[in-house]
Amino acid sequence: MRILITGSSGQIGTNLALALQAQGHHVFGVDKRRNGWTDEIETLYQDLSMPYRDFQQGIGHVEYPMGFDAVVHLAAHAKVHELVVDPARALENITMTFNVLEFCRHHKLPIMFSSSREVYGDIHRYITEESHADFAFTESPYSASKISGEALVYSYAQCYGLPYLVFRFSNVYGRYDNDLDRMERVIPLFIRKISQGRPITIYGEDKVLDFTYVDDCVAGVMAGLEGLVSGKIRNHTINLAYGQGNSLVDMTRFIAEELGVTPDVTIEPSRVGEVTHYVANIGKAHSLLGYKPQTTLREGIRQSVAWGTDWWVNHPPKGY
Ligand SMILES: NC(=O)c1ccc[n+]([C@@H]2O[C@H](COP(=O)([O-])OP(=O)(O)OC[C@H]3O[C@@H](n4cnc5c(N)ncnc54)[C@H](O)[C@@H]3O)[C@@H](O)[C@H]2O)c1
């Protein structure tokens, strides 16, 4: 397959691109930043959030190579709390999705859109079936940007026959996720701080989330891509997660156990806009894609601590 990946310098983009390349597929990345982990992904640097109107060869006046089989659209401002602080970034997310959809429409390319469990809002009803998302529960500008992105994708399917898959991810972690000076993600942040004996703050003592080890996420996306490109699976919205909940308190305990230390923990209430309970129903991913996540949080933390420790030994961070 020849796959165009937007957001290819980010966590999921890096893992997906390298996994596709390892299987012999051709990947072309687009991002506004260089990749801080690898030079193995051919990348074109472009800000996709500009209001472009020209989609002849690429997006705007930037020329892309042609002959792709599908576009994986991952580029976004992906941090919930940052979009609460700066909601204009939510609008940029929507503009990016619009631009990428126009590119797909122009070149008749199927799209895989990266949505989020955030579209469900804060669920105390414990229903996460894909057809039951109730958008009245929108928690944050980020969540609104993903709902809008999905709505645009569905409208392009309806009006222009554009084939799509929408994946709703949930707390992906494990590798190429530790660029903490750009983006604080809870698991690499806690690994870093706890390993240095620094205090950490858990926002939400009772918060339960569905943490997804990145290899499981990538396996699901790759199965989806094969189906989308072959035409066997299209126009579906699919939860991609591990399918079990874990509290942040347990996750922290796993990290500390793995590091063999006692962490210095402060507990604060959840922050505005954050989801406090999510456990995905992954039945659809299983039945459509044969998706069977392999990595429990305990095992994923073991692998994350090993990867992060090794990375930081060889690449000492400046700010953290
Ligand atoms: N990682 C998760 O746990 C998770 C969960 C739910 C949804 N998602 C979604 O999956 C996608 C990928 O997530 P990720 O964790 O890899 O995020 P990430 O922040 O690591 O990667 C996103 C990439 O998009 C790029 N980008 C941002 N604005 C851009 C612009 N204007 N033009 C070009 N590139 C731009 C960034 O530079 C970054 O490299 C995102 O859309 C995110 O919202 C991720």
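Computed over heavy atoms, backbone and side chain alike; hydrogens, waters and symmetry mates excluded. Every number for a ligand or one of its atoms is a count from 1 in the order of the listing.
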Residue shell around ligand 1, heavy atom under 4.0 angstrom:
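The answer is Gly7, Ser9, Gly10, Gln11, Ile12, Asp31, Lys32, Arg33, Gln46, Asp47, Leu48, Ser49, Leu74, Ala75, Ala76, Ala78, Met96, Ser114, Ser115, Ser116, Tyr142, Lys146, Phe169, Asn171, Val172, Arg182, Met183, Arg185, counting any residue whose heavy atom sits under 4.0 Å from ligand 1.
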With rounding to the nearest 0.5 angstrom, report the CD1 to NE2 distance, Ile111 to His73.
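Separation between the atoms: 6.0 Å.
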From Asp216 atom CG to Phe211 atom CZ, the distance as rounded to the nearest 0.5 Å
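Those atoms lie 14.5 Å apart.
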Answer yes or no: is there an ion pair linking Glu184 with Lys79, defined by an N-O contact shorter than 4.0 Å?
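Salt bridge: no.
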Considering residues at least two apart in sequence or located in another chain, which fulfil the side-chain hydrogen bond (donor to acceptor under 3.5 Å, both in side chains) criterion with [X]?
| X | value |
| --- | --- |
| Ser49 | Asp47 |
| Asn99 | none |
| Asn281 | none |

